[in-house]
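Below, read A as the first sequence line, B as the second, and so on, with proteins coming before strands; counting in each chain starts at 1. Basis for what follows: all heavy atoms, side chains included, without hydrogens, waters or symmetry-related copies.
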There are 2 protein chains.
Amino acid sequence: MEQNLQRRSGVALWRQIADSISSDIVRNIQDPNGKLPGEIALAARYGVNRHTVRTALRALSEQGLLETRHGDGTYVLRKPHVVYPLGRRTRFSDGIGDQAGAKRGRLVSSMLEPAETNVALGLALHPGTQVLRLDTISEADGYPMTRSTSWFDAGRFATMADFFSRTGSITAALKHYGIEDYFRKSTRIHARHATTAEIAELKLSAGAIVLVTHAVNATPEGEPLQYSITRFPADKVTLSIETDIAQ
Amino acid sequence: MEQNLQRRSGVALWRQIADSISSDIVRNIQDPNGKLPGEIALAARYGVNRHTVRTALRALSEQGLLETRHGDGTYVLRKPHVVYPLGRRTRFSDGIGDQAGAKRGRLVSSMLEPAETNVALGLALHPGTQVLRLDTISEADGYPMTRSTSWFDAGRFATMADFFSRTGSITAALKHYGIEDYFRKSTRIHARHATTAEIAELKLSAGAIVLVTHAVNATPEGEPLQYSITRFPADKVTLSIETDIAQ
DNA sequence: CAAATATGTCTATTCGTATAGACAACCAAA
DNA sequence: TTTGGTTGTCTATACGAATAGACATATTTG
């Protein structure tokens, strides 16, 4: 019984258990076939009723993470945890490439809009300047891993959306504008509960936690190119920073 | 009415509202005196009953973030949001120093124990080697901002705990061993719900989210010195990475 | 096949969450 | 002092969350 659960917290026990199973149990599974401990064993471990565990397992099954077999047990369908590097030259495809299968970005929508304060600040533009907004979803292993909104100076990158749709890559799209290289200039990270829209787009179970990064990408000269807000499912993603000490 | 709340999610509406107020509203307050919108206005904005908003406000008041004045309104007592830099040479006191008042670490406990897999891997030791474990809490502005557990090679840093207690600083303690400089070698970041212990130690409201970093600090030569797991209250802390492009 | 073990379903009860409305108590400004 | 707006408290109701126990049904193993 690992008494890590809190009652009367505003977060239901079944949700805490679902988070725990998704982020801990699944990664430390001993069974070679990916079989989870039984419902009764899990109930004992968390110190709750078996029905509460079942609610958690049902949520994860509906999410596609687990499969329960009547009379047999519960099995892990996939181990969705990936490490996402936040290095200075990180690209999504670079980082995830060796950990999962498919890795292209998919354009959800694009539009022109006036820059809000944050965006203008990040891109070093005046607030209200027209900017191009791209909403994208990236997948790893067929499952959504990032939900990203990016802004670009509309005066310069008006047709970004077309290039991105064709290639599924910001890097490739920027090459059409003669930008051969760019860098992660600054990144801010926080975490919160997922919104309704994020639940749907990232195929999360309701009440899940998302990691959120606000990043500015820039040319080697430091000129801002892209301001982006990216949301990761916290139970499936660990962000990683590797520092080159001898720099 | 910003319909960002989800029902039947396993996360109570009052908790979602508390998180939202803590991380959004408080930062974007218009009123110069730090007065929040009224309960009825908030209820309308979130599309919930006034009593639900009151539950959220009560949680934040008990946490010390807000103060409600009968017949007047609700006021922000402190804006607890700090940006915590994760640069390669970051020290806690360096990063938080200019954003808040007090900033020293406090030793909660220290002990010798055999290194577990993660710790051994991070410190490049064999699993089971004796390591010194320090449990510390750092505060900014009088409020807990980090809850950290660090491990050091016990053969080398046996009396770390004493030095740390006296100075409240890992950096200072390491100097006693002739280590003038050290660097953040690698950092991994994820997020989850806070445990019961973390609720108490970080003075969180129950059900809060914590950002968790697993970091290895090393000498300039790359020799691992410290493996640490640090937990930050997600509603009060944003982690930040600034990259020096021209490096 | 039989036994042991696992998940699936059902009923019942208790407590936390959320809504609804009414009214009291209090404060600030006209 | 009066008025309007705000928080505080109370009652009532409905539903979700969690517990408890019993039993059905399916699978695996001996």
So, [X] and [Y]: side-chain donor and acceptor under 3.5 Å apart, yes or no?
X       : Y       : value
H214(B) : N118(B) : no
T196(B) : Q6(A)   : no
W151(A) : E116(A) : no
Y46(A)  : S20(A)  : yes
T149(A) : R231(A) : yes
R54(A)  : T68(A)  : no

Between atom [atom1] in [X] and atom [atom2] in [N], what is the gap in whole Å?
X      : N       : atom1 : atom2 : result
L13(A) : dA18(D) : CG    : P     : 4 Å
L42(B) : dT6(D)  : CG    : C1'   : 12 Å
I40(B) : dT7(D)  : CD1   : C1'   : 9 Å
E39(A) : dA18(D) : CD    : P     : 16 Å
E67(A) : dT27(D) : CD    : P     : 12 Å
L5(B)  : dT17(C) : CG    : C1'   : 14 Å
W14(A) : dT19(D) : CH2   : P     : 14 Å
L60(B) : dT7(D)  : CG    : P     : 14 Å

Given [N], is OP1 or OP2 found less than 4.0 Å from the side-chain N or O atoms of [X]?
X      : N       : value
T52(A) : dA17(D) : no
R58(A) : dT9(C)  : no
T74(A) : dT7(C)  : yes
R54(B) : dG8(D)  : yes
N49(A) : dA18(D) : no

### Task
Go through dT17(C), dT7(D), dA18(D) for me and flag the one nearest to the A12(B) side chain.
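From the listed options, dT17(C) comes nearest.
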
### Message
Under 4.0 Å, counting only non-hydrogen atoms across every strand here, what does R8(B) touch: a base, just sugar-phosphate, or nothing?
### Response
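Touches sugar-phosphate only.
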
### Task
With heavy atoms under 4.0 Å as the rule, sort T55(B) into base, sugar-phosphate or nothing.
nothing

### Task
Between V11(A) and K35(A), just flag the one whose closest nucleotide in DNA chain C comes earlier from the 5' side.
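Mapping each residue to its closest nucleotide by heavy atoms, the 5'-most match is K35(A).
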
### Query
Nearest nucleotide by nearest heavy atom, which residue falls closer to the 5' end of DNA chain C, S9(A) or P37(A)?
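Nearest-nucleotide comparison on DNA chain C picks P37(A).
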
### Query
Under 4.0 Å between a Lys/Arg side-chain N and an Asp/Glu carboxylate O for D235(B) and R192(A)?
no

### Query
R69(B) side chain to T74(B) main-chain N or O, any donor-acceptor pair under 3.5 Å?
no

Hey, what are the protein-to-nucleotides 25-30 of chain C N/O distances that come in under 3.5 Å?
unit_1	atom_1	unit_2	atom_2	d
dA25(C)	N3	H70(B)	NE2	3.2

### Task
Spell out yes or no: do the side chain of H51(A) and the base of dA17(D) have one donor N/O and one acceptor N/O closer than 3.5 Å?
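Result: no qualifying N/O pair found.
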
### Task
Look at the side chain of R50(A) against the base of dG8(C) and say whether a donor-acceptor pair falls under 3.5 Å; ignore hydrogens and angles.
yes

### Task
Name the residue closer to the 5' end of DNA chain D, choosing between Y75(A) and G10(B) according to the nucleotide with the nearest heavy atom.
G10(B)

